[in-house]
Amino acid sequence: MRCRIVGAPVEDGAGRMGCEMGPSALRTAGLLAALRELGHEVIDMGAARRAPTRTLHHANAALKALPEIAAWTEGLGEAAYLASADAMPIFLGGDHSISAGTMSGVARRAAESGRPLFVLWLDAHPDFHTLDTTASGHLHGVPLAYASGQPGFEGYFPDLPAPVDPARICAFGLRSVDPAERRALTAAGVTVHDMRAIDEHGAAPLMRDFIARVAAGNGLLHVSLDVDFLDPGIAPAVGTTVPGGATFREAHLVMEMLSDSGLVTSLDLVELNPFLDERGRTATLLVDLTASLLGRRIMDRPTRSF
Ligand SMILES: [Mn+2]
């Protein structure tokens with residue numbers, strides 16, 4: 001497999017600073033070497049560029065850094081479209097607002113190839129607010145709504161070339177959902193497997209069902225992995241910790257099943273805030289999870305200091 005590594009050093013969408021250092025931390029933790037050890041061709045594209053900002057006014061006075069995030073969405077949309085032409089792009093966030101751009105770019109690519117794009121959203125939060133419904137105003141809370149064509153982004157974020165059908169989105173690991181998001185997710189028809197569903201059924205059967213749907217639809221699959229999908233006990237380097245997240249083995253199992261499926265065509269690694277990490281353990285865990293997604297088998301996983 002050929003992978004293109006695209007840095008997305010964005011922190012304006014989060015409530016605290018630090019995610020801008022995410023791409024550096026993932027590189028320092030050995031992401032590129034880990035993928036090359038698995039036999040992949042890895043091309044480092046460096047950092048994506050933000051488009052020029054323009055003045056934007058919105059009735060929701062809570063919105064923060066709207067011109068900056070709109071400009072990043074434009075720049076990352078273009079970078080994602082180009083990087084997905086001949087490779088699997090891996091986007092190194094950056095806060096989760098980067099996924100507004102990465103999904104719009106890979107969705108445009110999928111539409112041109114005539115295949116449906118599916119999205120697996122691994123996150124404690126659905127990030128399904130619109131510019132009108134977000135009360136915090138932090139724009140890492142809106143990318144899934146934007147990329148799936150929910151209303152209210154017109155004239156602010158770039159026009160969406162190919163909205164992702166909400167029926168092809170699976171949000172997995174949720175445990176913090178605002179009322180406005182709950183209503184919108186239900187109305188849009190997004191598949192939601194929250195932590196209770198994972199507790200009751202286990203991660204494997206839920207993942208198996210979703211993977212089977214992607215395969216049956218001859219789909220492309222974008223995976224968006226937010227650090228807060230993981231339990232804060234194993235992944236402390238995130239500004240939005242929520243207790244009760246995925247365990248080490250649940251997370252690896254999801255990655256291993258995705259690897260077996262052979263269906264994943266693009267990946268976001270987001271919300272890593274190295275300023276909050278403990279001796280790089282969260283960055284190292286993200287590298288190991290990415291290696292599992294790209295083919296590392298449990299029998300050849302090295303023992304790590306922990
Ligand atoms: Mn998120």
Side-chain angles (χ1 to χ4, degrees), residues 8-20 22-23 26 63-65 69 72-73 76 80 90-104 106 119-131 133-148 150 153 157 164 166 169-178 180-182 184-185 188 190-195 198 222-232 234-246 251 254 266-274 276-277 282-283 285-286 289-290:
V10 180
E11 63 184 8
D12 291 335
R16 57 196 300 174
M17 289 160 65
C19 287
E20 189 181 50
L26 290 164
L63 293 180
K64 302 190 175 65
I69 298 304
W72 270 115
T73 300
L76 282 163
I90 301 178
F91 304 101
L92 313 185
D95 68 66
H96 220 157
S97 70
I98 73 160
S99 301
T102 66
M103 280 189 288
S104 107
V106 300
V119 171
L120 178 62
W121 194 261
L122 301 170
D123 199 329
H125 313 87
D127 300 344
F128 209 67
H129 273 294
T130 67
L131 299 180
T133 67
T134 174
S136 78
H138 299 308
L139 292 175
H140 65 172
V142 308
L144 196 55
Y146 166 71
S148 63
Q150 304 306 300
F153 292 93
F157 276 35
V164 179
I169 298 172
C170 176
F172 195 91
L174 302 190
R175 54 198 189 281
S176 174
V177 185
D178 294 335
E181 292 180 296
R182 185 174 298 118
L185 285 165
V190 172
T191 299
V192 172
H193 295 313
D194 59 14
M195 283 310 300
I198 296 172
H222 177 79
V223 174
S224 200
L225 172 59
D226 188 314
V227 171
D228 70 24
F229 168 65
L230 307 162
D231 191 84
I234 57 168
V238 65
T240 51
T241 49
V242 188
V254 166
S266 49
L267 172 67
D268 302 324
L269 300 172
V270 300
E271 293 286 338
L272 176 66
N273 186 336
L276 305 175
D277 210 355
T282 310
L285 177 55
L286 282 187
L289 289 170
T290 305

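For ligands, and for the atoms within them, numbers begin at 1 and follow the listed sequence.
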- Item | the Mn ion (ligand 1) to nearest N/O/S of D226 below 2.8 Å | yes

H193-W121 aromatic ring centre distance below 6.0 Å | no

Note: OD2(D123)-the Mn ion (ligand 1)-ND1(H96) angle, rounded to 10 degrees, equals 90°

Next item on the list: Indicate if the distance from the Mn ion (ligand 1) to the nearest N, O or S atom of D127 falls below 2.8 Å.
Entry: yes

All heavy atoms of G93 vs all of I98, minimum pair found to be CA-CD1, 3.8 Å

For A283 and L26 the tightest heavy-atom approach is O-CD2, 4.1 Å

Residues F157 and A100: closest non-hydrogen pair is CE2-CB, 4.1 Å

